[in-house]
Amino acid sequence: MGCLQSVACKARVRREQIVVSDVSATIEPAATAIEESSPVVLRYRTPYFRASARVLMPPIARRHTWVVGWIQACNHMEFYNTYSDLGV
């Protein structure tokens with residue numbers, strides 16, 4: 001869970017000192033909507049994805065800065081567009 005690869009460049013910090021707890025992720029219960037207002041572009045409006053977590057960090061030395069953030073990724077996606085009785 002999570003990626004702690006950037007820890008390697010921080011002096012005197014071990015992965016065991018970073019604790020991720022209380023992870024929560026939800027996707028809005030709505031279908032993907034397709035907007036066809038343009039003659040050349042299809043626009044997909046996907047449900048909102050929300051995530052939160054509690055991250056416990058070790059003490060930070062002076063003049064050091066940590067940035068903790070999320071990366072949302074997808075490893076597979078399929079779209080099927082149905083055009084009434086004209087096809088898919």
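Nothing fancy with the numbering, it's 1 onward along the sequence. These numbers come from a predicted model, not from an experiment.
Here the side chains of Ile18 and Met57 are in contact, with some heavy-atom distance below 4.5 Å.
Atom OH of Tyr44 sits in a crowded spot, with more than 12 heavy atoms from other residues, nucleotides or ligands closer than 6.0 Å.
Taking all atoms of both residues into account, the shortest heavy-atom contact from Pro47 to Ala30 is CG-O, 2.9 Å.
Under the 4.5 Å side-chain heavy-atom criterion for ILVMFWY residues, a single connected hydrophobic cluster contains both Leu86 and Ile34.
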